[in-house]
2 protein chains.
Amino acid sequence: MALPIPGTPVRGSKSGKPIMALLDLLGRTWALGIIWQLRQGTLSFSELQACCENISPTLLTTRLKELQQTKLIEKNLQGYQLTSIGLGLFEVISPLGQWAKQWQLSFEQP
Amino acid sequence: MALPIPGTPVRGSKSGKPIMALLDLLGRTWALGIIWQLRQGTLSFSELQACCENISPTLLTTRLKELQQTKLIEKNLQGYQLTSIGLGLFEVISPLGQWAKQWQLSFEQP
DNA sequence: AAATTTAACTACATATTATGTAGTAAGCTA
DNA sequence: TAGCTTACTACATAATATGTAGTTAAATTT
């Protein structure tokens with residue numbers, strides 16, 4: 001699938017509205033999970049693979065490339081880390097952790 | 001794929017950490033897009049289909065069921081709307097709209 | 001009331017993505 | 001140099017998504 005670069009046509013928006021590009025990118029399997037796992041620093045390819053419940057190396061390679069090309073992560077000598085842009089994204093989505101705990105309660109106390 | 005209910009094993013976490021269930025759910029094609037489109041009220045099946053760049057009816061049906069079962073959306077006479085839980089989720093992710101605009105700038109001014 | 005239209009789906013064949021195993025390449029380690 | 005380890009790539013199989021063509025039921029028109 002074509003990379004969802006904001007400003008270009010993506011799934012969900014021929015106009016390339018940046019939010020649509022973002023939702024396309026984050027909606028791809030494991031993309032959010034990878035960003036979440038990198039929140040505390042660098043992880044190597046195999047560490048990421050382990051963190052992400054043994055995501056297949058094929059898909060991990062694909063997602064890492066996409067996230068690099070969209071400037072959310074970058075590679076360093078030790079592995080992969082969030083860029084400053086990616087860190088900014090994580091800060092936006094980090095409240096999801098707390099929200100998810102509340103969500104869980106609605107299944108336990110129906 | 002099994003529904004990602006927090007507290008049960010999901011892709012990414014055998015322990016069923018609620019954040020992992022959430023990332024699994026939101027990482028499915030169009031799930032985030034559907035939530036985003038419902039932010040301003042009720043949309044019918046066909047309105048959603050149109051909003052989501054002609055998502056296939058098969059997949060829209062599947063996602064609507066998943067999002068209902070995970071309590072994020074509900075059906076009413078006019079169509080589908082966010083539940084109060086789903087609205088809470090939208091409020092958490094709504095800053096993505098503004099963030100995406102900043103993200104776009106990094107592609108225009110490299 | 002019968003026929004037509006419309007909205008909301010479902011079925012299914014095709015196409016695209018993801019998985020999982022195996023293998024390759026490059027850089028240490030002994 | 002021979003054997004590890006890490007980081008991938010290749011590829012066959014399996015799971016998902018798409019797109020077209022129905023089907024069903026309710027509303028509207030005639």
Side-chain angles (χ1 to χ4, degrees), chain A residues 1-5 8-14 20-21 23-38 41-70 73-82, chain B residues 1-5 8-14 20-21 23-38 41-70 73-82:
Chain A
M1 203 188 302
L3 263 187
I5 303 288
T8 68
V10 296
R11 177 173 64 186
S13 172
K14 283 174 185 152
M20 290 301 156
L23 296 183
D24 180 355
L25 183 62
L26 298 184
R28 296 177 182 200
T29 312
W30 281 115
L32 274 167
I34 292 169
I35 292 167
W36 195 264
Q37 295 299 342
L38 291 177
T42 296
L43 290 176
S44 70
F45 187 91
S46 50
E47 285 169 334
L48 267 173
Q49 218 184 336
C51 281
C52 295
E53 197 78 3
N54 295 314
I55 175 177
S56 68
T58 318
L59 184 58
L60 181 54
T61 299
T62 302
R63 284 293 171 272
L64 290 173
K65 278 180 190 164
E66 290 173 355
L67 293 173
Q68 283 176 276
Q69 291 177 295
T70 51
I73 69 173
E74 63 198 359
K75 200 173 179 176
N76 63 29
L77 289 175
Q78 283 73 46
Y80 298 89
Q81 66 182 177
L82 294 176
Chain B
M1 201 189 302
L3 262 187
I5 303 290
T8 68
V10 296
R11 177 173 64 185
S13 172
K14 282 173 185 151
M20 290 302 154
L23 297 183
D24 180 355
L25 182 62
L26 298 184
R28 296 179 180 197
T29 312
W30 281 116
L32 273 169
I34 291 169
I35 292 167
W36 195 264
Q37 295 300 342
L38 291 178
T42 296
L43 290 176
S44 70
F45 187 91
S46 51
E47 285 169 335
L48 267 173
Q49 220 185 335
C51 280
C52 295
E53 197 79 4
N54 294 315
I55 176 178
S56 68
T58 317
L59 184 57
L60 181 53
T61 298
T62 302
R63 285 293 170 271
L64 289 174
K65 279 179 190 164
E66 290 173 356
L67 293 173
Q68 284 177 276
Q69 291 178 295
T70 52
I73 69 173
E74 62 198 359
K75 201 172 179 177
N76 62 29
L77 289 176
Q78 283 73 45
Y80 298 89
Q81 66 182 179
L82 294 176

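So you know, we letter chains A, B, ... as the sequences are listed, proteins then strands, and number each from 1.
In this structure, the CG atom of A:Leu60 is 16 Å from the C1' atom of C:dT21, given to the nearest Å. Atom C1' of nucleotide C:dT17 and atom CG of A:Leu25 are separated by 16 Å, given to the nearest angstrom. Between the CD atom of B:Gln49 and the C1' atom of C:dA7 there is a distance of 10 Å, rounded to whole Å. In this structure, B:Lys65 atom NZ and C:dA8 atom C1' are separated by 12 Å, rounded to whole Å. In this structure, CG of A:Asp24 is placed 13 Å from C1' of D:dA17, rounded to the nearest angstrom. Atom CH2 of B:Trp30 and atom P of D:dG19 are 11 Å apart (whole Å). Note: CD (A:Glu47) to P (D:dT5) measures 16 Å, nearest angstrom. Between the CD atom of A:Glu66 and the C1' atom of C:dT17 there is a distance of 11 Å, rounded to whole Å.
Here A:Arg63 reaches the OP1 or OP2 of C:dA18: one of its side-chain N or O atoms lies under 4.0 Å away. Using a 4.0 Å cut-off, some side-chain N or O of B:Tyr80 falls inside it from OP1 or OP2 of C:dC9.
Nucleic acid contact class of B:Thr61 (heavy atoms, under 4.0 Å, all strands): base.
Shown here for B:Leu67 and B:Ala31, the closest heavy-atom pair between the two residues is CD1-O, 4.3 Å.
Judged by closest nucleotide on DNA chain C, B:Leu77 is the one of A:Leu59 and B:Leu77 placed further toward the 5' end.
A donor and an acceptor atom sit less than 3.5 Å apart, one in the side chain of A:Thr58 and one in the base of D:dA10.
In the set D:dT18, C:dG20, C:dT10, the nucleotide with an atom closest to the side chain of B:Ile55 is D:dT18. With D:dT18, D:dA7, D:dA17 as the candidates, the nucleotide lying closest to the side chain of B:Thr29 is D:dA17. Comparing D:dG19, C:dG20, C:dC9 against the side chain of A:Pro57 picks out C:dG20 as the nearest. In the set C:dC9, D:dA7, D:dA17, the nucleotide with an atom closest to the side chain of A:Ser44 is D:dA7. Nearest nucleotide to the A:Ser46 side chain, out of D:dA7, C:dA8, C:dT19: D:dA7.
Once rounded to the nearest 0.5 Å, the distance linking CG of A:Leu64 with OH of A:Tyr80 reads 5.0 Å. Here the straight-line distance linking atom NZ of A:Lys65 with atom CG of A:Leu60 works out to 11.0 Å at 0.5 Å rounding. From B:Trp30, atom CH2 reaches atom CD of B:Gln49 across 11.0 Å, with rounding to the nearest 0.5 Å.
Between A:Leu77 and A:Thr42 there is no side-chain heavy-atom pair separated by less than 4.5 Å.
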